[in-house]
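Okay, so here's the structure we're looking at.
Atoms within each ligand, like the ligands themselves, are counted from 1 in listed order. Only a predicted model underlies this, so the values are computations on that prediction, with no experimental measurement involved.
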Amino acid sequence: MKDYPISVRHLNHWFGRGEARKQAVFDLSIDIAPGSLTVMVGPSGSGKTTVLTLMGCLRQVEDGSVQLLGHELRGAAEPTLEALRRELGFIFQAHNLHESLTARQNVMMGLQVHGKGYEGLRVEAVEHMLDLVGLGHRLDYLPANLSGGQKQRVAIARALIAGPRVVFADEPTAALDKDSGHQVVTMLKALGRERGTTTVMVTHDSRILDMADRIVTLEEGRLVKDEGAVVSVSSRSTK
Ligand code: ADP
Ligand code: MG
């Protein structure tokens, strides 16, 4: 459906070949409302990361349908996927920072990849974003000289700097202490409100669950619980 930034229908996914072939996602259908914070929970191995990477163009959709920002991902050509990825922000548990670049330079990479804005504006935007995540005083530090939580906040700043339309986050607060974890998610929520950014996040952090608009539970590759879903007028009328 066009009104949803993410719309998944009958998604199945398998890993491995032959004897080792194993189904990881079973007939998943879900619509994600614009500007919402959807949290995905479930035991380890339940398919959360697989679903996130399928929605985020990081893994090929082989069966069923994923519509992302109005584009069908199944069978999509690489240039389409590349253009779509530029509209996305990714935050992973492992921060994936460049060790040889400072906090400022790492976040700048998030803009250079997108080619957005001219130099002066970029510098200002990068400083502002790092300030927002509480690292205004660590601009020129290398990752080696930052704590785990600080590194993760740099990664978050990098993911958000270009103003993505959809953010995919996989346990982004795992390395953060309670307060900074809360701050980061508060920030993501504020972005959702201000810019209409849609966020899908995997987390077990109970304080973040409290902030979710919707909590989706996966078990053994199946959607088994869906709490707080924003029901659209059209789907309500079909019930
Ligand atoms: P979660 O993120 O909920 O812990 P995953 O999506 O990582 O779960 O994994 C779901 C299932 O798919 C698990 O059984 C896992 O072993 C399997 N799986 C995930 N990634 C791969 C892979 N690259 N190759 C083979 N099996 C995989
Ligand atoms: Mg995972």
Side-chain angles (χ1 to χ4, degrees), residues 5-32 36-68 73-76 78 81 84-85 88-97 148-149 151-153 155-156 158-160 164 166-178 180-181 184-185 188 198-229:
I6 306 170
S7 186
V8 178
R9 287 294 175 278
H10 305 297
L11 180 67
N12 291 291
H13 195 78
W14 291 264
F15 285 110
R17 288 174 202 287
E19 295 271 295
R21 191 164 157 91
K22 186 174 169 279
Q23 189 161 0
V25 180
F26 292 79
D27 195 37
L28 185 92
S29 296
I30 190 169
D31 291 318
I32 307 286
S36 63
L37 170 60
T38 300
V39 165
M40 228 191 305
V41 296
S44 172
S46 59
K48 305 180 299 293
T49 298
T50 306
V51 169
L52 211 67
T53 51
L54 285 165
M55 286 174 167
C57 312
L58 298 176
R59 197 181 280 294
Q60 206 178 337
V61 176
E62 289 165 354
D63 194 63
S65 157
V66 177
Q67 297 245 337
L68 177 68
L73 300 189
R74 185 177 173 192
E78 190 50 37
L81 295 174
L84 276 169
R85 281 183 207 116
L88 310 176
F90 296 99
I91 307 169
F92 298 112
Q93 197 171 351
H95 52 76
N96 297 324
L97 297 181
K151 280 188 272 207
Q152 187 63 331
R153 279 185 273 158
I156 289 161
R158 184 183 55 187
L160 301 181
V166 182
V167 174
F168 293 103
D170 201 346
E171 312 213 22
T173 61
L176 303 183
D177 61 56
K178 274 188 168 186
S180 37
V184 160
V185 180
L188 283 169
T198 305
T199 304
V200 183
M201 182 184 295
V202 174
T203 186
H204 295 284
D205 194 329
S206 59
R207 290 159 30 104
I208 287 163
L209 293 180
D210 291 344
M211 284 193 275
D213 295 312
R214 179 179 186 182
I215 302 173
V216 170
T217 308
L218 290 190
E219 263 172 36
E220 298 182 349
R222 292 182 172 85
L223 199 165
V224 295
K225 202 149 104 188
D226 190 350
E227 300 157 282

*Distance only, no hydrogens: is a donor on one side chain within 3.5 Å (strictly under) of an acceptor on the other, for T53 and R59?*
yes

_Nearest non-hydrogen partners of A159 and P164, listed with the distance_ = O-CG, 3.5 Å

*When you measure from atom 24 (N) of ligand 1 to every protein heavy atom, which one gives the shortest distance, and what is it?*
F15 CD2, 3.6 Å

*Could you list the atoms of ligand 1 found under 4.0 angstrom from a heavy atom of T50?*
5 (P), 6 (O), 9 (O), 10 (C)

_Looking at every non-hydrogen atom in both residues, tell me the closest pair between T203 and V41 and how far apart they are._
O-CG1, 3.2 Å

*Let me know which of I6, V51, T49, I91 forms a side chain to side chain contact (heavy atoms under 4.5 Å, CB included) with F168.*
I6

*What orientation do F15 and H13 show, parallel under 30°, tilted 30 to 60°, or perpendicular over 60°?*
perpendicular

_Looking only at protein heavy atoms, which one is nearest to atom 7 (O) of ligand 1, and what is the separation?_
T49 CB, 3.8 Å

*Counting from 1, what ligand 1 atoms have a heavy atom of A24 closer than 4.0 Å?*
11 (C), 12 (O)

*Identify, by atom number and element, the atoms of ligand 1 in contact range of S46, meaning under 4.0 Å from any of its heavy atoms.*
1 (P), 3 (O), 8 (O)

*asked:* Ignoring hydrogens, what is the shortest heavy-atom contact between L11 and L54? Give both atom names and the distance.
replied: CD2-CD1, 3.8 Å

_One pair to check against salt bridge (Lys or Arg N to Asp or Glu O under 4.0 Å): D31 and R214. What are the steps and the verdict?_
CA-CA 11 Å; D31 291 318; R214 179 179 186 182; over 6 Å; no

*Name the closest protein heavy atom to atom 15 (C) of ligand 1, giving the residue it belongs to and the distance to 0.1 Å.*
K22 NZ, 4.8 Å

*At what distance is the nearest protein heavy atom to atom 13 (C) of ligand 1, and which residue and atom is it?*
G45 O, 3.6 Å

*Check the pair K48 / E219 against salt bridge (Lys or Arg N to Asp or Glu O under 4.0 Å), numbers first and verdict last.*
CA-CA 9 Å; K48 305 180 299 293; E219 263 172 36; over 6 Å; no

*Examine ligand 1 and decide if any of its atoms is less than 4.0 Å from a heavy atom belonging to P43.*
yes

*If you measure from each heavy atom of S44 to ligand 1, is any distance below 4.0 Å?*
yes

*How far is atom 8 (O) of ligand 1 from its nearest protein heavy atom, and which residue and atom name does that atom have?*
G47 N, 3.1 Å

*So which heavy atom in the protein is nearest atom 3 (O) of ligand 1, and how far is it from that ligand atom?*
K48 NZ, 2.7 Å

*Is the Mg ion (ligand 2) less than 2.8 Å from at least one N/O/S atom of S44?*
no

